[in-house]
Amino acid sequence: GKLCDLTGWWENDLGSKMHVLKVDSEGNFSGEYHTAVSSTDKPIQPSPLVGSQHLDKDGQCTFGFTVNWKKFSDSTAVFVGQCFSGDNGNEVLQTSWLLREKVDSLPSDWKATRTGHNTFIRTG
Ligand SMILES: O=C(CCCC[C@@H]1SC[C@@H]2NC(=O)N[C@@H]21)Nc1ccc([N+](=O)[O-])cc1
């Protein structure tokens, strides 16, 4: 089957958009994350992402990437997931994420990490 190459534009169930610029021969990639939601009241800005994927021939590769929200919030998200080719050939990315916000002190560390999941499909 075809290689699962994450290059391109993706949209998730929250309406966030991800642009993967280029996947190199090692599976490393970079891009930009345009989140549709945030828990900071600062204006949302596109934020850089870096990640890596497997380049399996069956097209159902696993991957991970990190988003640094440096432009508008002192927090970091990591996503891990797998690409699945639907029956109609459409690719779906099933992901889980951890979102770490910066907290003021160690006693607040317990409440600093959120987790969730997002599904992404390619945008036209
Ligand atoms: O809000 C933020 C930065 C934006 C996070 C967007 C998350 S990433 C996982 C999920 N999937 C998406 O597409 N979008 C959401 N950081 C932040 C978090 C917490 C606090 N806080 O003060 O609690 C402040 C800023």
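Each ligand, and each atom within it, is numbered from 1 in the order the structure gives. Keep in mind it's a predicted model, so treat the numbers as computed, not measured.
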**Report entry** Option of least heavy-atom distance to atom 8 (S) of ligand 1 (set: Trp97, Trp69, Tyr33)
**Finding:** Trp69

Query raised in the report: Between atom CZ of Arg100 and atom CG of Asp109, what is the distance when rounded to the nearest 0.5 Å?
Result: 4.5 Å

**Report entry** Polar atom proximity, Asn118 to ligand 1 (N or O, under 3.5 Å)
**Finding:** yes

Report task. Run the numbers for me: atoms of ligand 1, each under 4.0 Å from some heavy atom of Ser38, listed by number. Result -> 1 (O)

Query raised in the report: If we only count heavy atoms from C-beta on, is the Cys4 to Phe84 side-chain gap below 4.5 Å?
Result: no

Query - contact_flag Lys102 ligand 1 heavy-atom lt 4.0 Å - result: no

Requested in this report: Could you list the atoms of ligand 1 found under 4.0 angstrom from a heavy atom of Arg114?
Outcome: 18 (C), 19 (C), 23 (O)

Requested in this report: Report the distance from atom CG of Asn118 to atom CE of Met18, rounding to the nearest 0.5 Å.
Outcome: 9.5 Å

**Report entry** Of the listed options Arg100, Glu101, His117, Met18, closest to atom 20 (C) of ligand 1 (non-hydrogen atoms)
**Finding:** Glu101

Query raised in the report: Are the charged groups of Asp5 and Lys22 less than 4.0 angstrom apart, N to O?
Result: no

Requested in this report: Identify the protein heavy atom lying closest to atom 25 (C) of ligand 1, giving its residue, its atom name and the separation to 0.1 Å.
Outcome: Ser73 OG, 3.3 Å

Query raised in the report: Got the closest protein heavy atom to atom 15 (C) of ligand 1, with its distance?
Result: Val37 CG2, 3.8 Å

Query raised in the report: Are Trp69 and Trp97 joined in one hydrophobic group, where the rule is that I, L, V, M, F, W and Y side chains link up if heavy atoms are under 4.5 Å apart?
Result: yes

Query raised in the report: Out of curiosity, Trp10 CH2 to Asn12 CG, how far, rounded to the nearest 0.5 Å?
Result: 12.0 Å

Query - Protein contact of atom 7 (C) of ligand 1 - nearest heavy atom, named by residue and atom, plus distance - result: Leu99 CD2, 4.2 Å

Report task. For this output row, return yes or no: ring centroids of His34 and Trp9 closer than 6.0 angstrom. Result -> yes

Query - Any donor-acceptor N or O pair under 3.5 Å, side chains Ser73, Ser75 - result: yes

Query raised in the report: For ligand 1, does Ser39 get within less than 4.0 Å through its side chain, its backbone, both, or neither, judged by non-hydrogen atoms?
Result: both

Query raised in the report: Any chance the side chains of Gln82 and Thr62 put a donor and an acceptor closer than 3.5 Å?
Result: no

Query - Residue and atom name of the nearest protein heavy atom (relative to atom 16 (N) of ligand 1), distance in Å to one decimal - result: Ser75 OG, 2.8 Å

Report summary line: Of Thr95, Thr35, Asp13, Val67, the residue with the heavy atom nearest atom 14 (N) of ligand 1 is Thr35

Query raised in the report: Can you list the ligand 1 atoms lying under 4.0 Å from a non-hydrogen atom of Ser16?
Result: 12 (C), 13 (O), 14 (N)

Query raised in the report: Between Asp74 and ligand 1, which residue portion shows a heavy-atom distance shorter than 4.0 Å: side chain, backbone, both, or neither?
Result: neither

